[in-house]
Amino acid sequence: MFPTSENQRETIVSVLVPVAVPMAYTYKVPAGLHVEPGTIVQVPLGPRQVLGAVWDGEPDAAINPKKLKTITRVFEQARPLQPDLRRFVEWVANWTLAPPGMVLRMVLRSEEALEDEPPITGVRWAEGRQPDRQTPARKKVLALVEDGMAWPKSGLAQAAGVSVSVIDGLLQQDVLQQVQLPAVPPAAKPDPNFAKVQLTLTQKEVSDGLRAAFDKGTSVSLIDGVTGSGKTEVYFEAIAEALERGKQALILLPEIALTAQFLRRFEQRFGTLPAEWHSEITPKKRGRVWRGVASGDVRVVIGARSALFLPFDDLGLIIVDEEHDAAFKQDDRVPYSARDMAVVRGHISRFPVILASATPSVESRVNAEYGRYARYLLPERASGAEMPQIRAIDMRREGPERGRWLAPGLLEAMKTALADGAQSLLFLNRRGYAPLTLCRTCGHRFQCRHCSAWLVEHRFQGRLVCHHCGHFEKMPETCPTCSSTQSLVACGPGVERIAEEVQSLIPEARTLILSSDLPGGAERMKREMKLVEEGEADIVIGTQLVAKGHNFPKMRLVGVVDADLGLAHGDPRASEKTFQLLAQVTGRAGRVTGGGLGFLQTYAPEHPVLKALMDQDQDAFYKAEIEARQVAGLPPFGRMAALIISGPDKPSAEGFARALARVAPPDRAVTVLGPAEAALAMVRGRHRYRLLLIAPRQFDLQAYLRHWLDVGPKPNRGLRVQLDIDPQHFL
DNA sequence: AGCACGCCGACT
DNA sequence: GTCGGCGTGCTC
């Protein structure tokens, strides 16, 4: 690969560039410079300079030598990407049908990481020297530096209570001198023995099992524990074990859950904050963490899915918390599932991976049942609090009068809770006031002009909003078709409408809406979450964002306004998603106060998802769902791929069908759920169409797709593939 | 004519 | 992913 031939021929190497080209390119190595596989380099590509990594495999000698360009820069200080990481990049590229360069791009996402950090300069007393004239300000500064310690300039000025110009004056007279300060480490070393916690008997058993997994090399464990059962405490013990063995650890959290609260819990256990990695981290910090991870200075990273591609020096454990969460899936660029790829990374580098959830994904449950994963159960709340009682309200018999949405039984329970000083939560996963507006006179329905979804009325903003593409218009006074006035009616409820109903029926309660679209942004949301936490609201009406994150200690009652919502979707995972969401939401009830209550308003009280929730019988849900999937050939028993066709065409079934026929004619081995099916309704954004292919396990779906990708439009032009396949069988 | 936009191929 | 080239259609 690196001939230093006698006849002084120039060396050539493979270089992978972070661009959507199908393979590694070939470059010349400048004379006298050493590169090896993994070395990070800068190379010319077309009209620009890009980062890249020297890659494995023979460089292509067949390329016209006149075309070959030379590596412009070698990043000698940055350590080469390790063989395991390079294999991981290749694996992910192969799996996702994405160009390997696009996966490498996720590894090289911090440009700052490669440059040396500009040294931090500080000041120190030049021993013995005194200023020409003493002033009170100068005296204060000199008192601080007397001991010979070095200070950052602004820090010293602040500590002395003087302005920076005083320091500058002293520097001028050489009373102070400039010195280099050591670089700030991105995170201190966590101490596995900082604050050992008292574990319950069950927790201890699980933690012993997890610690033992380190001796097995590759292993995956699933912690299946109810909300409040202490999953976190238990997997912290696995992190302690990794640290004791001198290994690095990575905790992956869904983006939403990266809360200060979680970081504080880590700090309490290990005595220091972990390094963080997610989209909000500043470029400078990002560079420090990247370098720290590569050098081994950073021992534990807590991050969102992209942290999986960090160049760890010696990674020995990955934890995927809330492993069922959809936020682990990336839909754009390289469409990967961080949960699945974490398992792959653990497999390649032979270390344990831990998946944790109160409501595991069906895939993980199946893998556990078939013995591919070790399964650990934490069935009880560590505080001893009871799980809430959940009952259905049959809306056919116990429902409210026409035009109202809350059943009398639910309202009674809310009033009782209010009288006892406890909080209630009404959950409805629908923003706005009403999901459909129509004209009573002519039947006109307000539809989005871009994507044909119904427009949702947002009464506080006085707008009609499309929840698909974000398009909005002012709420008109008159019908745009027949010009009738006062004829527009709102159909169905959203959170705003439920809040209106609560305010009119229980006016003495302090009500609060928690919905992502309310004005004030993330700041206001944080404040309001805090208000709820402190008991400053009696009745909270919320969309799905109340399911995650904050705990509400005074919440006793949870009412699901429409428990059927989401069950009748075209989405093949509708049941699973609804089960997980409702289990989380009802789990908010009575976590600390005990005796929590859950109500499910439904027209289908016999539905297996709702029955499982009421009976507190998760197993019943998984059993029913697994059977249904086996019959339908859905994951994890079949394999599913979505072909996404995007383009500027206006939505039209004809154009879509034409594209489909050109790209992926139906095959006897695969089921194509085309535009006519509900599958399309699942994600019909602007300029985007998706169809689902479902193939049996033994069918080589990737080869099939690869074939049609070659025949059809270029993969990076209008056509994208998203695979929803559990990789467990392919390791 | 001047340009904005979309499409398409090339990039070693 | 990003650039440059080229065709189409619209505006000053």
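Predicted model only: the values in this text are computed from it and were never measured. We name chains A, B, ... by the order of the sequence lines, and we start the count at 1 in each one.
- Atom-to-atom, CG of L51(A) to P of dG1(C) comes out at 16 Å; the value is rounded to the nearest Å.
- Checked against ring-ring contact (aromatic ring centres under 6.0 Å, His included), W95(A) has the following partners two or more places apart in sequence or in another chain: W91(A), F730(A).
- The OH-C1' distance, from Y25(A) to dT2(C), rounds to 12 Å in whole Å.
- Backbone-only engagement by K69(A) is indicated by non-hydrogen atom pairs under 4.0 Å involving sugar-phosphate atoms exclusively.
- When rounded to the nearest whole Å, the span between CG of L45(A) and P of dG1(C) equals 14 Å.
- Residue L68(A) is classed as a sugar-phosphate contact, given heavy-atom separations below 4.0 Å to backbone atoms only.
- Distance, M23(A) CE to dT12(B) P: 12 Å, rounded to whole Å.
- In this entry the distance linking CZ of R48(A) with P of dG4(C) reads 10 Å, nearest Å.
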Contacts under 3.5 angstrom, residues 62-70 of chain A side chains, donor-acceptor by atom type, not counting sequence neighbours:
| residue | atom | partner | partner atom | Å |
| --- | --- | --- | --- | --- |
| N64(A) | OD1 | K66(A) | N | 3.0 |

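- I302(A) has its side chain within reach of L263(A): a pair of non-hydrogen atoms, C-beta onward, lies under 4.5 Å apart.
- Remark: C1' of dT12(B) and NZ of K67(A) are 7 Å apart, rounded to the nearest angstrom.
- One can place CG of N64(A) at 11 Å from P of dC11(B), the figure rounded to the nearest angstrom.
- Using a 4.0 Å heavy-atom cutoff across all strands shown, R105(A) reaches sugar-phosphate atoms only and no base atom.
- Rounded to an integer number of Å, the gap from I63(A) CD1 to dC11(B) P is 10 Å.
- Atoms CZ and CZ, from R345(A) and R350(A) in turn, are 15.0 Å apart once rounded to the nearest 0.5 Å.
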